[in-house]
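Heavy-atom basis, side chains included; hydrogens, waters and symmetry copies ignored. In what follows, chains carry the letters A, B, and so on, assigned in the order in which the sequence lines appear, proteins first and then strands, with residues in each chain numbered from 1.
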Number of protein chains: 2
Amino acid sequence: MIRVLLADDENLIRSALRALLSLEDGIEVVAEAATADEALAMARTFTPDVAVLDLQLPDRDGIALAAELHVAVPGCRTMIVTSHGRPGYLKRALAGGVGGFLPKTVSASVLAQVVRTVHDGGRYVDPELAAEAISAGDSPLTARESDVLELAAEGAPVEEIARRAALTPGTVRNYLSSAASKLGAANRHEAVHVARRHGWI
Amino acid sequence: MIRVLLADDENLIRSALRALLSLEDGIEVVAEAATADEALAMARTFTPDVAVLDLQLPDRDGIALAAELHVAVPGCRTMIVTSHGRPGYLKRALAGGVGGFLPKTVSASVLAQVVRTVHDGGRYVDPELAAEAISAGDSPLTARESDVLELAAEGAPVEEIARRAALTPGTVRNYLSSAASKLGAANRHEAVHVARRHGWI
DNA sequence: GCCGGCCCATGACGAATGTCACCACTCCCC
DNA sequence: GGGGAGTGGTGACATTCGTCATGGGCCGGC
């Protein structure tokens, strides 16, 4: 029997997934969580075999949670289910030791199959997402460029970004300028959009 | 027996919802669709009593689909389920004759209860969303301000916005300036964020 | 030990943007 | 028939932004 932990902030989805997985032979949902912290606590208590995580949780993202789970409960394998299949996330997830990465558009039978595959130590990535990830490639941005671009995401003026990043306004503009040119954007706001689309920030 | 149509582009969610609703007495899922067009065709064929629609579908949004359904299948009541509970959408949905509006964070039993309520001609709106909608109020933006702000959403320069809106660059700047000040934003990009958060664009 | 890449900064320039005042026209409502 | 609100426009001004050149410090690889 594969013991599964579900983590998703959407109650409806979570109980629906539970209903679906419970119909499968050899799979049992032993715990549910709505937040990353909750999931971590649950995992410590129930030591599940596989954790099915939503990519976006209220307190952290699923990738960070997976990394923490691997430390807290070494025997627990992880897989991520998401609505937004951004290529960058896939790469980060795999690098973080996540065993499966699926969009929510897959069918229930595929989900159950992947739970089994991941439980057996295998890996599964949705073919379409994999293709996107390959064509999208790595982020061309340096660490600092990503940071600054992320701070620019909410439309804040350079001054504020500089304060929040503990940098000079001039330096911030340099980073934004080089980030925009790397992304083929005319200005930082368009750059934010491009980077978001690729899952780079 | 309440005959239900499900429309959601995410296969997993859709079949999970089907599993959940099928467990309820007196509810039967008679059709599923992944797109608005598909839903419309299904509704014509199966004449469901209640249509449970996702807010975001690949081809249209759930509110537009609901309006079309009311015309195509007059006896069919509609309700919307969504991940992003933006206040503006709620208002638009209710104005469009939608009977129920829920975030996906609700429990399965609430969902089933709302399906019944809507079927009986009642209305149900998630209390939290209702509170947000009331506190958020109406959009302070005029029609044109909204248009222009929407065109600015992708970070395009004023020149391009002007071309796409068939306006002078100067006029565009006036609209953007007044929109930003109405929204309490320091620049148009922050304004876009504020408006998005409220569901005003 | 040198080169390249990244990080951080400064200064300067032109272009884009935000803001304000002001005008004309239309439509609707009182 | 006179407001008021919305639409569309012009011109001017200060600020912000994008870009480029240039420099120093730090680290890792050849």
Side-chain angles (χ1 to χ4, degrees), chain A residues 88 91-92 95 136-201, chain B residues 88 91-92 95 136-201:
Chain A
K91 216 171 259 281
R92 278 176 48 212
D138 269 337
S139 168
L141 304 178
T142 69
R144 227 49 187 125
E145 283 164 0
S146 300
D147 287 349
V148 172
L149 198 57
E150 207 151 353
L151 290 172
E154 281 154 36
V158 170
E159 288 284 353
E160 194 183 324
I161 300 173
R163 257 187 297 110
R164 293 218 266 164
L167 289 174
T168 334
T171 306
V172 169
R173 293 200 300 182
N174 286 338
Y175 281 142
L176 289 175
S177 177
S178 84
S181 88
K182 280 180 184 176
L183 298 178
N187 56 49
R188 63 218 170 94
H189 306 288
E190 197 184 327
V192 167
H193 265 79
V194 173
R196 277 246 177 83
R197 209 166 45 237
H198 290 304
W200 289 334
I201 60 170
Chain B
K91 216 171 258 283
R92 277 176 50 213
D138 269 337
S139 167
L141 304 178
T142 70
R144 230 46 190 124
E145 284 164 359
S146 300
D147 287 349
V148 173
L149 197 56
E150 206 150 356
L151 289 171
E154 281 153 36
V158 171
E159 288 284 353
E160 195 184 322
I161 300 173
R163 258 187 296 108
R164 293 218 267 164
L167 288 174
T168 333
T171 306
V172 169
R173 292 198 296 176
N174 286 339
Y175 281 142
L176 288 175
S177 177
S178 85
S181 87
K182 281 180 183 176
L183 298 178
N187 57 49
R188 61 217 171 94
H189 306 288
E190 197 184 327
V192 166
H193 265 78
V194 173
R196 277 247 176 83
R197 209 166 46 235
H198 290 302
W200 290 334
I201 61 169

Double-helix bend of the helix from dG1(C)-dC30(D) to dC30(C)-dG1(D), axes at both ends from 5 pairs, round to 10°, gives 30°
Closest non-hydrogen contact found for A191(A) with A185(A) is N-CB, 3.4 Å
Side chain to side chain donor-acceptor pair (under 3.5 Å) filter on D147(B), not counting sequence neighbours, yields R144(B)
In short, salt bridge (charged side-chain N to carboxylate O under 4.0 Å, His left out) pairs touching residues 180-191 of chain B with sequence neighbours left out are E145(B)-K182(B)
The correct set of residues in residues 140-148 of chain A placing a heavy atom under 4.0 Å from DNA chain C is T142(A), A143(A), R144(A)
Practice item. Select base, sugar-phosphate, or nothing to describe what T171(B) touches, counting heavy atoms under 4.0 Å on all strands. Key: base
Its 5'-most and 3'-most nucleotides having an atom under 4.0 Å from a non-hydrogen atom of chain A, DNA chain C is contacted over dC6(C) to dA12(C)
Residues 140-161 of chain A vs ring pair (Phe, Tyr, Trp, His ring centres under 6.0 Å), sequence neighbours excluded, gives none
All N/O pairs under 3.5 Å across the protein-nucleotides 15-18 of chain D interface:
unit_1: dC17(D); atom_1: OP1; unit_2: R188(A); atom_2: NH2; d: 2.9
unit_1: dC17(D); atom_1: OP2; unit_2: V158(A); atom_2: N; d: 3.3
unit_1: dG18(D); atom_1: OP1; unit_2: R188(A); atom_2: N; d: 3.3
unit_1: dG18(D); atom_1: OP2; unit_2: R188(A); atom_2: NE; d: 3.2
unit_1: dG18(D); atom_1: N7; unit_2: R173(A); atom_2: NH1; d: 3.3
unit_1: dG18(D); atom_1: O6; unit_2: R173(A); atom_2: NH1; d: 3.3
unit_1: dG18(D); atom_1: O6; unit_2: R173(A); atom_2: NH2; d: 3.2

| task | Check whether any side-chain heavy atom of V194(A) sits under 4.5 Å from a side-chain heavy atom of R197(A), and report yes or no. | result | yes
So the ring pair (Phe, Tyr, Trp, His ring centres under 6.0 Å) pairs with at least one residue in residues 149-168 of chain A (sequence neighbours excluded) are none
Could you go through residues 151-169 of chain B and list every donor-acceptor pair under 3.5 Å that involves a side-chain atom there, pairing it with any protein atom two or more places apart or in another chain?
none

Rounded to whole Å, the CG-P distance (L149(B) to dG6(D)) equals 16 Å
Within residues 178-185 of chain B, those residues having any heavy atom closer than 4.0 Å to DNA chain D are none
By side-chain contact (heavy atoms from CB on, under 4.5 Å), A195(B) pairs with (sequence neighbours left out) L149(B), L183(B), W200(B), I201(B)
Sorted by chain and number, sequence neighbours left out, side chain to side chain donor-acceptor pair (under 3.5 Å) with S177(B) holds for none
